[in-house]
Amino acid sequence: MNESDLKPKLGRDGEPMVGTNGRPMHELLDPPQLRGKITVWRFVILRRITQIGILLLFFGTAHWGWSLAGEPLLSGNLSGSEFAGLIPMADPFAVLQIVLTRAIPDTEVLIGAALILALYGLIAGRVFCVWVCPVNLVTDLAGWLRRRLHIKDLLHLPRTTRYLVLVAALLLSAITAVAAFEWISPIGMLHRELIYGIGLGWIAVLGIFILDLFVIRHGWCGHLCPLGAFYSIIGRRTARLVVAFDTASCTHCGECATVCPEPQVLNLKKLEQTGWVTPGECSACGRCVGSCPEASLEFHWSLGRRDGLEPKFTQFSPEIISQRRSP
Amino acid sequence: MTTNRKSRREFLLKTLQGSALTATGALGWFYLIQQQAQASPHAVRPPGAESREEFYARCIKCGQCVQACPFDTLDLAEAGSYVPVGTPYFVPRQTPCYLCPDIPCQEACPTGAISETLEKIEDSRMGLAVIDIENCLSWQGLRCEICYRECPLKDTAISVEHQPRRLSKHAMLVPLVHSDACTGCGICEKVCPTQQAAIRIVPPELVQGEIGEHYRLGWKSETSITQDFKSSTDQSAKDSENPALDYLNQDNEL
């Protein structure tokens, strides 16, 4: 990427704005050439590849007989699956609901749920939401259209609503003796019907699309979905993948918050204190990383303690930044 | 002090409002689930699915049983069908269960919704075959008995009985289903030649009665009260002297 891709950010008076660190502010990265665009959108492209790829693995196993060492490659779906007849996997939230119905599930599904819990606990809980969940394809489309059409929010709903929905799902599972969210989940409907055949599940998905496009920005994924709420609790303390923040280069232009689907996680004061985005509600979608004009945000993966990272990310000189911008 | 009390009041009110909002949604949600769970008793389930409640509680809607089935019998219910969304079921008239002895669907189920307690496929109870005698060819006097001949548990689940007929001397051969052996596999429903199947698989609880404790079939049980009726066995001895088959040859009644 070139230095020329940076457009100065102008204030209301038409003058270039200056950041808190004395450096000039810039607009979100939006380079004209394809190569630059790919750099900015690289995580979105990767996410589409994993989302569609995982769907394809399920579909290919179900319909085209894909196999590995004589066993079905990936049978089942995101609720419960088995890789190569060996590794069971299960949705830990669904299993938690089943346990609350007081039916003791078989060990296989308990092991599967524990594996998935450990996986997302160690990476970052909501990695599921934006790198795997098929509903994200729908809500991202709604979000993109919404930006294009400049649609404003109709309702305000606190982002904590999803935790109340989560509690309701667990209570209802105990009361009705069926896994309450699994019985109405639009995620399950979309995913199942893509693999096993189309029914009326698209109505629920259309509902989410309309909600996200016209009523509330990121209404489903960011406000209501109890599975997202569950995953944002998972890994709040254990996540190893974080978005690291560089105080020195950040001009406080605030552009990252305009592309972030969970902008409350980009609290600049908090970022300056910790040096990274607090794991939990951050879904590690990488939009901010791709489009920050100062390259102040970057994915950081560490198996050990995260304290050691601060000096590296707070000492950026403008030269290092321009180096990082041209891969 | 007053601002403190005011903010506390505000906080309590906000909490109450949030809970009320969730409760409103949860009530509708509760209704949807009850509606689905209670209003769909007709689905025929995979072999080894325990009671409806147990099955509904455990099934995680993953479809591994569907993929394990070598005959493509099972399917996951789509939203808006007569079966609760995402649960496996089958339509016997389209594809029945062919009673695999190794029960691959049970093997594939990770949650135990298809219970591991089922050891022999012959002991499964997916449903119960019920004959509509008004439309059954055999019961109308034609020779058919296809269900009987195709039944994997021939002579135990479906038997054919002789029955005299008023119109002519020819006896009818009528199929009878025995609920103690019928697995509900649905092969009979699949092969029934009538335009709409005259033998159908139905969840047993929809059609089966229950005599209850307070009636005693004295001639059947071995309780002390019934000892007096022992003499009734003489009657069956008399019957076997004079079997139904022979009546065509004894023309004295006509």
Side-chain angles (χ1 to χ4, degrees), chain A residues 58 61-62 72 75-82 88 90-91 94-95 97-98 101-112 157-158 160-161 164-165 167-169 171-173 175-186 188-189 192-193 195-204 224, chain B residues 14-15 17-38 50-68 72 74-88 106-116:
Chain A
F58 281 121
T61 309
S75 62
N77 61 29
L78 286 174
S79 301
S81 60
E82 197 173 53
D91 173 355
V95 173
Q97 291 170 69
I98 291 176
T101 65
R102 292 176 288 279
I104 309 297
D106 281 3
T107 357
E108 189 184 335
V109 81
L110 293 177
I111 294 171
L157 204 59
T160 44
T161 311
L164 295 173
V165 179
V167 171
L171 281 177
L172 280 175
S173 300
I175 294 169
T176 60
V178 299
F181 183 60
E182 302 315 302
W183 276 51
I184 60 155
S185 163
M189 286 184 205
R192 265 195 311 273
E193 296 191 359
I195 300 174
Y196 295 102
I198 306 291
L200 287 182
W202 62 269
I203 291 184
L224 293 172
Chain B
K14 268 265 154 20
T15 314
Q17 283 177 314
S19 314
L21 176 71
T22 319
T24 314
L27 285 173
W29 188 348
F30 176 76
Y31 170 78
L32 269 178
I33 293 174
Q34 288 300 92
Q35 183 75 4
Q36 275 199 68
Q38 300 302 325
E50 282 190 14
S51 71
R52 220 168 69 176
E53 291 74 23
E54 189 76 4
F55 179 72
Y56 282 174
R58 284 167 183 261
C59 177
I60 199 169
K61 307 167 192 271
C62 68
Q64 293 188 67
C65 53
V66 174
Q67 288 176 30
D72 289 334
L74 294 171
D75 199 2
L76 285 192
E78 291 126 11
S81 76
Y82 68 100
V83 186
V85 60
T87 54
Q106 178 196 48
E107 179 70 24
C109 178
T111 63
I114 301 181
S115 171
E116 275 172 9

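To find a chain, count down the sequence lines: A is the first, B the second, and so on, and within it residues start at 1.
Interface summary for chain A: among B:Gly112, B:Gly18, B:Ala57, the most heavy-atom pairs under 4.5 angstrom belong to B:Ala57. In terms of heavy-atom pairs under 4.5 angstrom with chain B, the leader among A:Met189, A:Glu193, A:Glu108 is A:Glu108. Interface summary for chain B: among A:Pro105, A:Gly112, A:Gly80, the most heavy-atom pairs under 4.5 angstrom belong to A:Gly80. Per-residue heavy-atom pair counts under 4.5 Å with chain A were compared for B:Ser81, B:Pro84, B:Ala108, and the maximum is reached by B:Pro84. No other option in A:Leu164, A:Thr101, A:Val165 has as many heavy-atom pairs under 4.5 Å with chain B as A:Leu164. The greatest number of non-hydrogen atom pairs below 4.5 Å with chain A, out of B:Gly80, B:Ala68, B:Cys109, is found for B:Gly80.
Minimum heavy-atom separation, A:Gly76 to B:Gln64: CA-CG, 3.5 Å. Across B:Ala79 and A:Gly201, no two heavy atoms sit closer than the pair CB-N, 3.5 Å. Here the closest non-hydrogen pair linking B:Thr22 and A:Ala168 is CG2-CB, 4.0 Å.
Contact annotation: the side chain of B:Leu21 approaches that of A:Leu157 to within less than 4.5 Å [non-hydrogen atoms, C-beta and beyond]. A heavy-atom distance below 4.5 Å is found between the side chains of A:Val109 and B:Thr111. Side chains of B:Lys61 and A:Trp183 form a contact here, defined as non-hydrogen atoms less than 4.5 Å apart.
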Side chain to side chain contact (heavy atoms under 4.5 Å, CB included) between B:Glu78 and A:Leu200: does it pass, once the steps are laid out? CA-CA 7 Å; B:Glu78 291 126 11; A:Leu200 287 182; over 6 Å; no

| message | Quick one, A:Glu182 with B:Ile60, criterion side chain to side chain contact (heavy atoms under 4.5 Å, CB included). Give me CA distance, side-chain angles, the key distance, then yes/no. | response | CA-CA 8 Å; A:Glu182 302 315 302; B:Ile60 199 169; 5.5 Å; no

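Taking A:Thr160 as the reference, A:Pro158, A:Tyr163 meet the side-chain contact (heavy atoms from CB on, under 4.5 Å) condition, with sequence neighbours excluded.
With a 4.5 angstrom heavy-atom cutoff, A:Gln97 does not touch chain B via any of its atoms. Proximity to chain B is limited to the backbone of A:Ala177, based on heavy atoms less than 4.5 angstrom apart. The part of A:Ile175 that comes within reach of chain B is its side chain, from C-beta onward, which places non-hydrogen atoms under 4.5 angstrom from that chain. At a 4.5 Å heavy-atom cutoff, A:Ala204 makes no contact with chain B through either its backbone or its side chain.
Of all residues in residues 29-36 of chain B, those placing a non-hydrogen atom less than 4.5 angstrom from a non-hydrogen atom of chain A are B:Trp29, B:Phe30, B:Leu32, B:Ile33, B:Gln34, B:Gln36.
A side-chain donor-acceptor contact under 3.5 Å links A:Tyr196 to the backbone of B:Gly63. Using a distance-only test at 3.5 Å, with no hydrogens or angles considered, a donor-acceptor pair links the side chain of B:Arg58 to the main chain of A:Ile104.
Atom OG1 of residue A:Thr61 and atom CD of residue B:Gln67 lie 6.5 Å apart, to the nearest 0.5 angstrom. Note: A:Asp91 CG to B:Cys62 SG = 11.0 Å, rounded to the nearest 0.5 Å.
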